[in-house]
Amino acid sequence: MTGSEVTPSFRLAYVPGVTPTKWVRIWNERLPDVPLTLVQVSPAEAPDVLRAGGADAGFVRLPIDRTDLSAIPLYTETTVVVIPKDHVVAAVDEVSPEDLADEIVFHPLDETLEWERRPGQPAAERPATTADAIELVAAGVGVLLVPQSLARLHHRKDLTYRPVTDAPESRVALSWPEDATTDLVEDFIGIVRGRTVNSSRGRTPTPAVKEKPQPKAKSKPAAQPKKKPASRPKAAKRGKPRRRS
């Protein structure tokens with residue numbers, strides 16, 4: 001390699017709650033010579049990081065401004081309410097927004113859920129982050145509604161969570177700048193979409209192994225039409241012997 005050559009690399013941004021481990025593992029198996037670097041960003045920062053070239057692609061939470069960003073929705077998360085383990089809501093399997101009408105519901109500044117009408121009672125101040133809101137929930141001040149992955153990320157022994165019905169859900173997508181759809185970005189899109197190594201749409205397919213031609217089966221001779229047995233000549237009828245005169 002000459003001094004002017006640059007070793008290719010790939011930078012992948014991801015927001016809290018998204019676990020890219022599976023895709024990173026597949027990348028390392030298929031492209032071992034291209035190092036992948038993970039960059040954790042907040043949901044609000046993710047689009048600007050992609051636009052500024054801080055990452056080649058990234059896992060974001062929708063909606064985002066897609067004016068100059070491409071995005072492939074991947075999955076949708078259930079919304080849950082995070083509560084202390086001794087909270088009355090912990091006794092049921094799921095709750096509705098109406099069940100939280102008398103609760104103080106935190107609305108952190110980094111929240112990604114979009115509510116038409118936010119349930120519960122607003123707190124005096126908005127926590128700066130979801131992590132800060134979790135601390136307040138543990139202190140028994142109120143409750144918090146988040147995507148399920150964030151509830152798992154901020155798991156504590158003194159807290160639990162329950163699904164919330166009729167609540168907005170969080171959608172996770174893979175996004176990248178439209179004008180920077182590089183070959184490596186295409187490779188990662190293929191991995192996320194589950195394309196195989198030999199997929200015709202992938203950029204780095206491995207040559208297919210040619211199968212050895214199987215020996216042709218010997219063809220059986222065509223059946224000959226059966227010949228009818230030759231008919232025997234009929235014996236001549238014998239007349240009565242004539243008497244000699």
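Residue numbers start at 1 and run along the sequence shown.
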Do [X] and [Y] have side chains that approach each other closer than 4.5 Å (heavy atoms only, starting at C-beta)?
X      : Y      : value
Val146 : Val80  : yes
Trp176 : Ile189 : yes
His87  : Glu103 : yes
Leu12  : Tyr14  : no
Val81  : Asp99  : no

How close do [X] and [Y] get, heavy atom to heavy atom, and via which atoms?
X      : Y      : result
Glu186 : Thr181 : OE2-CG2, 3.5 Å
Pro20  : Val18  : CD-O, 3.3 Å
Val105 : Gly120 : CG2-CA, 3.8 Å
Pro127 : Phe106 : CG-CD2, 4.0 Å
Ile134 : His154 : CG1-CB, 3.8 Å
Thr160 : Ala90  : CG2-CB, 4.2 Å

Is there a path of hydrophobic side-chain contacts, each under 4.5 Å between heavy atoms, that joins [X] and [Y]?
X      : Y      : value
Leu159 : Ile104 : yes
Leu38  : Val172 : yes
Leu109 : Leu136 : no

Tell me whether the count of non-hydrogen atoms from other residues, nucleotides or ligands lying under 6.0 Å of [atom1] in [X] goes above 12.
X      : atom1 : answer
Arg171 : CZ    : no
Glu29  : CD    : yes
Glu114 : CD    : no

[X] side, atom [atom1]; [Y] side, atom [atom2] - distance, nearest 0.5 Å:
X      : Y      : atom1 : atom2 : answer
Asn28  : Trp23  : CG    : CH2   : 14.5 Å
Ile191 : Lys22  : CD1   : NZ    : 11.0 Å
Asp158 : Ile83  : CG    : CD1   : 12.0 Å
Arg152 : Tyr161 : CZ    : OH    : 4.5 Å
Arg30  : Arg195 : CZ    : CZ    : 10.0 Å
Leu36  : Ile26  : CG    : CD1   : 12.0 Å

Using residues 52-74 as the side-chain source, report each donor-acceptor pair under 3.5 Å to any protein atom, sequence neighbours left out, with the distance given to one decimal.
{"from": "Asp56", "atom 1": "OD2", "to": "Arg11", "atom 2": "N", "distance (Å)": "2.7"}
{"from": "Arg61", "atom 1": "NH1", "to": "Glu77", "atom 2": "OE2", "distance (Å)": "2.9"}
{"from": "Arg61", "atom 1": "NH1", "to": "Ser170", "atom 2": "OG", "distance (Å)": "2.8"}
{"from": "Arg61", "atom 1": "NH2", "to": "Pro16", "atom 2": "O", "distance (Å)": "3.3"}
{"from": "Arg61", "atom 1": "NH2", "to": "Glu77", "atom 2": "OE2", "distance (Å)": "3.2"}
{"from": "Arg61", "atom 1": "NH2", "to": "Ser149", "atom 2": "OG", "distance (Å)": "3.0"}
{"from": "Asp65", "atom 1": "OD1", "to": "Thr67", "atom 2": "N", "distance (Å)": "3.1"}
{"from": "Asp65", "atom 1": "OD1", "to": "Thr67", "atom 2": "OG1", "distance (Å)": "2.6"}
{"from": "Arg66", "atom 1": "NH2", "to": "Ala71", "atom 2": "O", "distance (Å)": "3.1"}
{"from": "Asp68", "atom 1": "OD1", "to": "Arg51", "atom 2": "NE", "distance (Å)": "2.8"}
{"from": "Asp68", "atom 1": "OD1", "to": "Arg51", "atom 2": "NH2", "distance (Å)": "3.4"}
{"from": "Asp68", "atom 1": "OD2", "to": "Arg51", "atom 2": "NE", "distance (Å)": "3.3"}

Is [X] reaching over with its side chain to a backbone N or O of [Y], donor-acceptor style, under 3.5 angstrom?
X     : Y      : result
Trp27 : Val34  : yes
Ser96 : Thr165 : no
Gln40 : Val15  : no

Strictly by modelled atom types, are Asp110 and Thr130 linked by a side-chain donor-acceptor pair under 3.5 Å?
-> yes

Using the test side chain to side chain donor-acceptor pair (under 3.5 Å), find all partners of Thr19 that sit at least two apart in sequence or belong to another chain.
-> none

